[in-house]
Amino acid sequence: MKPARTRFAPSPTGYMHVGGVRTALFAWLLARHTGGQFILRLEDTDKVREVEGSGEHIAKSLRWLGLNWDEGIEIGGPHAPYKQSERLDSYKEWGQKLIEKGRAYADPYSKEQLDEFRAAAQAAKKPFLYRNHRPTDPPAWDGTMPLRFKSDPKDYQWHDAVMGDLSAGAEAIDDFILIKSDGYPTYNFAHIIDDMIMQCTHVIRSQEFIASVPNYLNLYEALEIERPVLATVPMVLGPDGRKKLSKRDGAKDILDYAREGYLPEALINFMASLGWNDGTEQEVFSVPELIEKFSLERVQRGGAHFDERRLLWMNGAHIRALPLDDLCKLAVEYWPSNTSDSTEEYKKQVLGLVQERLKYLAELPELTSFFFADLPVNMRLIDDNKQLKKFSHAELKAMLEQARASLEQSDFSATDLTQRLNTLLEQTGQKPGVLFSLIRIATTQAPSSPGLAETLSVLGRETSFRRIDQLLAVLQ
RNA sequence: GGCCCCGUCGUCUAGUGGUCCAGGACGUCAGGUUCUCAUCCUGAAGAUCAGGGGUUCGACUCCCCUCGGGGUCACCA
């Protein structure tokens, strides 16, 4: 396949959630798969809806995910600028060309008149078509009125790289606005001009634009430019509704996932699986694998519901697959302040023990608290334990004293501890459910922990005995 | 309402005429792994392939209709 030049062209109106980013991901994946380029362009032509700083926020999100761009905002490129608000001249120039060709004209109506037309159409249960009111003798365009496309309505059939063969009748085509009265172009016009100038080979966008495609097809013809490959990706749906995932329903900022300690690779894997698969039974993919295997042809046509539980599982799977050294680096900013006295080596050992339990990095503190601080003795852990509650405190105390004496001889390596604990089972004649539970609770004071021998080994002799003695003092 | 798109387990999906009384994964439930939590392993429940007509020896797969869902009909993208 020839190198594809794709682009992601968000509007800076807020943060990005999984739905928006997935469209970017597919465009990026195609560019990388074909050895082409990926462009990040900002469609900031709606000054009313624009949110200060969101362009930077979006760029930050993509960067965190590793969806790097070859040209675009913040880095420039051969077709700079990549902000539409800074490209007004070229829209004006191409608008002028259309006027000269007789394919664009000034819209003389007031907002009130337009509303009347629309209301009439709605009352007649008909779709509103501006071209039914096309002025016979429009004034010259002076930039204070909207500039409209003079469409040439006709039937279209076209191929969509995802949806397959599509078609629509002439009634889908209308005289849409090219340039607004504030001088900014509409999306409908600007993206076509920019994609042409920036030589994009593929336009990948979400499904809500599919109804406008006939208009774009008509405009490509009027402009006499070659049209790129069109690809319509299905929408990402909310968890339980049938509607598009939206911020209103609590769709999270992609950077919230970054803060909570989701891995970019996991998020990418998850988003890709929302509407794409390689036809095998593989579920977990690395980014390089995704790049190698991605194709638009295998993108799903129907929408996919966003299921955060699946994302959680996938993140855990990626964490488990991480080399321990990499996990250590990622974990740095998730350690609570009371761990700063501990050595890197100690933290690494702790991480090694909780790696397979971590679903996301932000739960590191609650999973590892007892490795860094003595927790208060909690008798509930013993009294509510279904094995230990059968024994009196005096019996438990005797058992723990015996265990302590035996453990005194240990060098506290995991293997030696395992051996001694096993001998202890024989000596006491107790089940692991009793003896191990007792020692585990004594040394961690936590409802759950990694395996006993490993935990003791990492805690070390001093801490282990201090905590055992603490419990012994309370057991009367 | 017009136009357009979509429709396989709760969810993500495999399936391009026979190997499918439909396979995998998440989730759920049960059991196993020397204690807990998790991992890992095993097993179970879970889809009349939206419904109805065709075509065909044979249809989840092709055609038609119906139903359901969604998108769009902005000086928003």
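Just so we're on the same page: letters track the sequence lines, and every chain starts at 1.
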Please measure how far the P atom in G43(B) lies from the corresponding atom in G52(B), and state the result in whole Å. 34 Å

Integer angstrom distance from the P of G69(B) to that of G15(B): 28 Å

Identify the pairs formed between an N or O of the protein and an N or O of nucleotides 36-39 of chain B at a distance under 3.5 Å, and give each distance.
residue: U36(B); atom: O2'; partner: Pro447(A); partner atom: O; Å: 2.8
residue: U36(B); atom: O2; partner: Arg440(A); partner atom: NH1; Å: 3.3
residue: U36(B); atom: O2; partner: Ser449(A); partner atom: N; Å: 2.6
residue: U36(B); atom: O2; partner: Ser449(A); partner atom: O; Å: 3.1
residue: U36(B); atom: N3; partner: Ser449(A); partner atom: O; Å: 2.6
residue: C37(B); atom: O2; partner: Arg357(A); partner atom: NH1; Å: 2.6
residue: C37(B); atom: N3; partner: Arg357(A); partner atom: NH1; Å: 2.5
residue: A38(B); atom: O2'; partner: Glu356(A); partner atom: O; Å: 2.6
residue: A38(B); atom: N1; partner: Glu356(A); partner atom: OE2; Å: 3.1
residue: A38(B); atom: N3; partner: Glu356(A); partner atom: OE2; Å: 3.0
residue: U39(B); atom: OP1; partner: Lys359(A); partner atom: NZ; Å: 3.4
residue: U39(B); atom: O3'; partner: Arg320(A); partner atom: NH1; Å: 3.4

Does a donor on one side chain and an acceptor on the other come within less than 3.5 Å for His318(A) and Asn269(A)? yes

Taking the C1' atom of each, how far is U61(B) from G7(B), in whole Å? 14 Å

Under 6.0 Å between ring centres: does that hold for Tyr360(A) and Tyr334(A)? no

Do Glu283(A) side-chain and G24(B) base share a donor-acceptor contact under 3.5 Å? yes

C1' atom, A38(B) versus G32(B): distance in rounded Å? 15 Å

A22(B) to A47(B) separation - C1' atoms, rounded to the nearest Å: 8 Å

Say we look at G27(B) and C20(B): how far apart would their C1' atoms be, to the nearest angstrom? 24 Å

Using the P atom as the reference point in each nucleotide, state the distance between C57(B) and G71(B) in Å, no decimals. 43 Å

Rounded P spacing from G54(B) to A59(B) in Å: 11 Å

Which of C12(B), U13(B), A25(B) is nearest the side chain of Ser273(A)? It is C12(B)

Once base and sugar-phosphate atoms are separated, protein heavy atoms under 4.0 Å mark nucleotides 71-76 of chain B, 5' to 3', with B, S and - as SSBSBB

